[in-house]
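Accompanying notes for the structure given below.
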Amino acid sequence: MLIRRSTDILPSEITTESQYNSRRDWLKAAGAMGLIAGLPALSARDAQAQAGKLAGVKPNAAYGLPDGEKLNKFDELKNYCNFYEFGTDKTDPPANAKSLKTRPWTVAVEGEVLKPKVFDIDELFKLAPLEERIYRFRCVEAWSMVVPWVGFPLSALINAVQPKGNAKFVEFVTLADKAQMPGLRAGVLDWPYTEGLRMDEAMHPLTLLTLGAFGEALPNQNGAPIRMTIPWKYGFKGGKSIVKIRFVEKEPRTAWVKAGPSEYGFYSNVNPTVDHARWTQATERRLGEFGKRKSLMFNGYTDQVASMYTGMDLKKFF
Ligand code: MTE
């Protein structure tokens, strides 16, 4: 992956965390007091629209703020991005992704499934209850954030299309439209950007089909209208602006594995003991902090995910 010197966020750009938290607190308190449930539907909708929220999102208490962590700011997520279809600098996607058209949008779910289907994006928003989950997010370039994502487990979609017994992997294909994505002119990757998971990883309850962040629909530069978040893996496993999900028998060759097989593996689990060919993975810089902190095995999700890799040499299957 190309690596650049970090462009730090201007203090003047950081304004939204307290607003976000106070909206959250207000909505939670109002919900607890029965204010929202007790009001006519229109008022509840108005309250949410006023707060810029996605409707009907419930914080999932099992994925609250991890111990000792602090949320990053929405502006940090929005302004420090990797989305090479819009350019390779961290500030290119916020500048260039404004023109991404996210409606109409469909996601074709196909391959080794009994019920292949082309989903309209608005149908996907209703496929399962929308949850807010706070996950650590670790980029392979050794920076990280703590983000409240909105979505639902990918397993809900997988169960809806009923994979056949020979579906062993899931491949994610993302939009590659030259008319909208100036970065496609550069041959940085073999477009479209593709990613993949083994079936048990795809079915894992942590694997989140992501439709929003900080209570709002995803900003274009963060992968609107639909992306993946797999919190124990490096961030590049989470393809942005997905248009196709394919169930396949063989391990798919992903865009980064094609670009640099010695540097990027299929699994890409966060692993502080396996360095990237060009830099250490033992430490990371949390956006908004000075200095470095130690990286955590599986990004801190060992208890939930390690059993999927029992018996595998994680230096070989990096
Ligand atoms: N998806 C697409 N389609 N194109 C990309 O360049 N970059 C990946 C991932 N998904 C990328 C992508 C990388 S390297 C990271 S770290 C995350 O998106 C960054 O997500 P964020 O910018 O929303 O933090």
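As the structure lists them, so they are numbered: ligands from 1, and atoms in each ligand from 1.
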Asn82 and Glu141: CA distance, side-chain angles, deciding distance, side-chain hydrogen bond (donor to acceptor under 3.5 Å, both in side chains) verdict: CA-CA 10 Å; Asn82 274 336; Glu141 293 164 330; 3.1 Å; yes
Criterion ring pair (Phe, Tyr, Trp, His ring centres under 6.0 Å) on Tyr301 and Phe298, from CA distance to verdict: CA-CA 5 Å; Tyr301 298 96; Phe298 294 116; 9.6 Å; no
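- The single protein non-hydrogen atom nearest to atom 6 (O) of ligand 1 is Tyr84 N, 2.8 Å, given as residue, atom name and distance.
- At least one heavy atom of Gly238 sits closer than 4.0 Å to an atom of ligand 1.
- Atoms of ligand 1 found under 4.0 Å from any heavy atom of Asn222, numbered from 1 in the order shown, are 21 (P), 22 (O), 23 (O).
- Between Glu141 and ligand 1 there is no heavy-atom distance shorter than 4.0 Å.
- Contact between Gly223 and ligand 1 is absent, with no heavy atom of the residue lying under 4.0 Å from the ligand.
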Please step through salt bridge (charged side-chain N to carboxylate O under 4.0 Å, His left out) for the pair Glu76 and Lys78, ending with a clear verdict. CA-CA 5 Å; Glu76 288 170 322; Lys78 287 195 278 196; over 6 Å; no
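- Relative to atom 16 (S) of ligand 1, the option among Cys81, Cys139, Ser144 with the closest non-hydrogen atom is Cys139.
- Checking Phe236, Phe137, Phe86, Tyr193 against atom 2 (C) of ligand 1, the nearest heavy atom belongs to Tyr193.
- Atom 21 (P) of ligand 1 has its closest protein heavy atom at Lys240 NZ, 3.3 Å.
- In terms of protein heavy atoms, atom 7 (N) of ligand 1 is closest to Asn82 O, 3.3 Å.
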With ring pair (Phe, Tyr, Trp, His ring centres under 6.0 Å) as the criterion, how do Phe214 and Trp149 come out once you've worked through the C-alpha distance, each side chain's angles and the decisive distance to 0.1 Å? CA-CA 6 Å; Phe214 288 86; Trp149 299 108; 8.3 Å; no
Using the side-chain hydrogen bond (donor to acceptor under 3.5 Å, both in side chains) rule, take Gln180 and Ser99 through it: C-alpha gap first, then chi angles, then the decisive distance, then the call. CA-CA 6 Å; Gln180 300 187 67; Ser99 55; 5.9 Å; no
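- With hydrogens and angles left out, the side-chain atoms of Asp275 and Gln281 include no donor and acceptor closer than 3.5 Å.
- Regarding atom 3 (N) of ligand 1, its nearest protein heavy-atom neighbour is Glu85 OE2, 2.9 Å.
- The closest donor-acceptor contact from the side chain of Gln162 to the backbone of Lys115 lies at 3.5 Å or more, if one exists at all.
- Taking each of Lys90, Arg227, Gln221 in turn, the one with a heavy atom nearest to atom 23 (O) of ligand 1 proves to be Arg227.
- Side-chain atoms of Asp89 do not come within 3.5 Å of backbone N or O of Thr91 as any donor-acceptor pair.
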